Asker: 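Take a look at this one; I'll ask things after.
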Amino acid sequence: LADHPNHLPALHLASVIAFAEGRMEDGRELLGQVLRRDPNHVPALSTLGDALAVKGEQEGAVAVFQRAIALRPLDAGLHGKLGVALSELSRLPEAEAVYRRALALDPNLVQPRFNLATALTGQARPMEAEHMYRAVIERDPHHQGAWINLGNLLACQNRPKEAVAAYRNAFEDEPRD
């Protein structure tokens, strides 16, 4: 930074490092420098959205992620982050739509699929949620959260044998069907 104080990617990286090290004020200041120089710097906007979400300022995070998506609409990761912020606000139908958009952009993503299953569960749509949890597990057989949530879903549907099998798979080194 000393040699190139206006190099935005370096300033952004420095802000990310500061946040990671717990130097929140330094991180905010560096991020502010980036966004003052380029208000449309999408990586910095993404980091700002993350920082707001961590602070519990989900409405602000939603606005920032929406702005970033407007600038980079094909970024599946940004859609996934927006979905999480919407889920935190219990805006589950909106979150569902955003997760589906993320998966349309990149069908191989696991986390938006898991988050979609959770949003479907929260909307009392157990059959669709079960299908999504199983799709997560198909892509990542060691996804403990998917196995546990699937077990919970099956238990709520009075399917105890399947629920127990899912719980066991959550803690197995090599999950079974």
Side-chain angles (χ1 to χ4, degrees), residues 1-122 132-133 135-149 170:
L1 281 177
D3 293 336
H4 304 285
N6 293 318
H7 189 255
L8 296 184
L11 278 172
H12 175 243
L13 178 60
S15 78
V16 171
I17 291 169
F19 283 125
E21 292 176 344
R23 297 181 294 113
M24 305 314 260
E25 282 302 314
D26 291 343
R28 280 192 283 276
E29 172 55 32
L30 290 162
L31 198 54
Q33 288 180 41
V34 174
L35 291 170
R36 280 190 295 279
R37 290 182 177 114
D38 179 3
N40 295 326
H41 192 277
V42 174
L45 288 170
S46 178
T47 300
L48 176 59
D50 292 341
L52 290 169
V54 167
K55 287 176 54 181
E57 297 177 20
Q58 302 305 329
E59 291 288 352
V62 166
V64 171
F65 289 135
Q66 287 173 330
R67 184 170 153 208
I69 288 168
L71 296 165
R72 198 178 287 169
L74 301 180
D75 187 324
L78 289 172
H79 288 273
K81 289 179 177 196
L82 173 59
V84 170
L86 290 166
S87 292
E88 288 292 322
L89 291 168
S90 298
R91 291 165 55 182
L92 298 180
E94 291 172 81
E96 175 189 348
V98 172
Y99 293 136
R100 289 189 187 282
R101 176 70 176 140
L103 292 170
L105 291 168
D106 186 348
N108 296 316
L109 292 176
V110 173
Q111 197 58 40
R113 191 173 307 279
F114 174 77
N115 293 341
L116 173 58
T118 303
L120 292 168
T121 300
M132 279 298 138
Y133 285 128
V136 170
I137 291 164
E138 182 180 309
R139 286 164 177 77
D140 180 3
H142 298 283
H143 196 293
Q144 190 176 46
W147 282 114
I148 290 170
N149 287 5

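Only a predicted model underlies this, so the values are computations on that prediction, with no experimental measurement involved.
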Asker: Can you measure from CZ (Arg100) to CE (Met132) and round to the nearest 0.5 angstrom?
Answerer: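 Interatomic distance, Arg100 CZ to Met132 CE, rounded to 0.5 Å: 5.5 Å.
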Asker: Looking at Gly80 and Ala102, what are the two nearest heavy atoms and their distance?
Answerer: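 Nearest pair, atom of Gly80 first, then Ala102: N-CB, 4.1 Å.
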Asker: Hey, could you give me the CG/CG distance between Leu8 and Leu13, rounded to the nearest 0.5 Å?
Answerer: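 Spacing of CG (Leu8) from CG (Leu13) equals 12.5 Å.
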Asker: With side chains defined as the heavy atoms from C-beta onward, is the minimum distance between Arg113 and Leu109 less than 4.5 Å?
Answerer: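 Side-chain contact under 4.5 Å: no.
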Asker: Kindly determine whether Tyr99 and Val84 satisfy side-chain contact (heavy atoms from CB on, under 4.5 Å), including the steps that lead there.
Answerer: CA-CA 9 Å; Tyr99 293 136; Val84 170; 3.8 Å; yes
Asker: The criterion is side-chain hydrogen bond (donor to acceptor under 3.5 Å, both in side chains); which residues satisfy it with Ser15, sequence neighbours excluded?
Answerer: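 Ser15 satisfies side-chain hydrogen bond (donor to acceptor under 3.5 Å, both in side chains) with no other residue.
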Asker: So do Ser46 and Lys81 actually touch side chain to side chain, heavy atoms under 4.5 Å?
Answerer: yes
Asker: Distance check, rounded to the nearest 0.5 Å: Leu31 atom CG versus Asp50 atom CG?
Answerer: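 Result: 10.0 Å between the selected atoms.
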Asker: Please find the pair of heavy atoms, one from Phe114 and one from His143, that lie closest to each other, and give the distance.
Answerer: CD1-CE1, 3.5 Å
Asker: Please tell me if the side chains of Thr121 and Asn149 come closer than 4.5 Å, counting only heavy atoms from C-beta onward.
Answerer: no
Asker: Answer yes or no: is there a donor N or O on one side and an acceptor on the other, between the side chain of Ser87 and the main chain of Gly83, under 3.5 Å?
Answerer: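 Looks like yes, one N/O pair under 3.5 Å.
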Asker: Which atoms form the tightest heavy-atom contact between Glu138 and Pro141, and what is the distance?
Answerer: O-CD, 4.4 Å
Asker: Donor-acceptor pairs under 3.5 angstrom involving side-chain atoms of residues 65-74: please list them, not counting sequence neighbours.
Answerer:
{"from": "Arg67", "atom 1": "NH2", "to": "Pro39", "atom 2": "O", "distance (Å)": "2.2"}

Asker: Any non-hydrogen side-chain atom of Leu82 less than 4.5 Å from a side-chain atom of Arg101?
Answerer: no
Asker: So, taking the atom named CG in Leu86 and the one named CD in Glu59, what distance separates them when rounded to the nearest 0.5 Å?
Answerer: 8.5 Å
Asker: Can you tell me how far the CG atom of Leu78 sits from the CG atom of Leu105, to the nearest 0.5 Å?
Answerer: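 So the CG of Leu78 and the CG of Leu105 are separated by 10.0 Å.
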Asker: If the threshold is 4.0 Å, N to carboxylate O, is there a salt bridge linking Glu29 and Arg36?
Answerer: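 Salt bridge present between Glu29 and Arg36.
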Asker: Which heavy atom in Ala119 sits nearest to a heavy atom in Leu92, and how many Å separate them?
Answerer: O-CD1, 4.0 Å
Asker: One pair to check against side-chain contact (heavy atoms from CB on, under 4.5 Å): Arg28 and Phe19. What are the steps and the verdict?
Answerer: CA-CA 8 Å; Arg28 280 192 283 276; Phe19 283 125; 4.0 Å; yes
Asker: Please report the closest heavy-atom contact between Gly49 and Val64, naming both atoms and the distance.
Answerer: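 Answer, listing the atom of Gly49 first, then Val64: N-CG1, 3.7 Å.
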Asker: Closest heavy-atom contact between Pro9 and His41?
Answerer: N-NE2, 4.5 Å
Asker: Are Leu52 and Leu48 side-chain neighbours, meaning at least one heavy-atom pair lies under 4.5 Å?
Answerer: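 The answer is yes; the side chains approach within 4.5 Å.
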Asker: Does the pair Asp26 and Glu21 meet the rule for a side-chain contact (heavy atoms from CB on, under 4.5 Å), with working shown?
Answerer: CA-CA 10 Å; Asp26 291 343; Glu21 292 176 344; over 6 Å; no
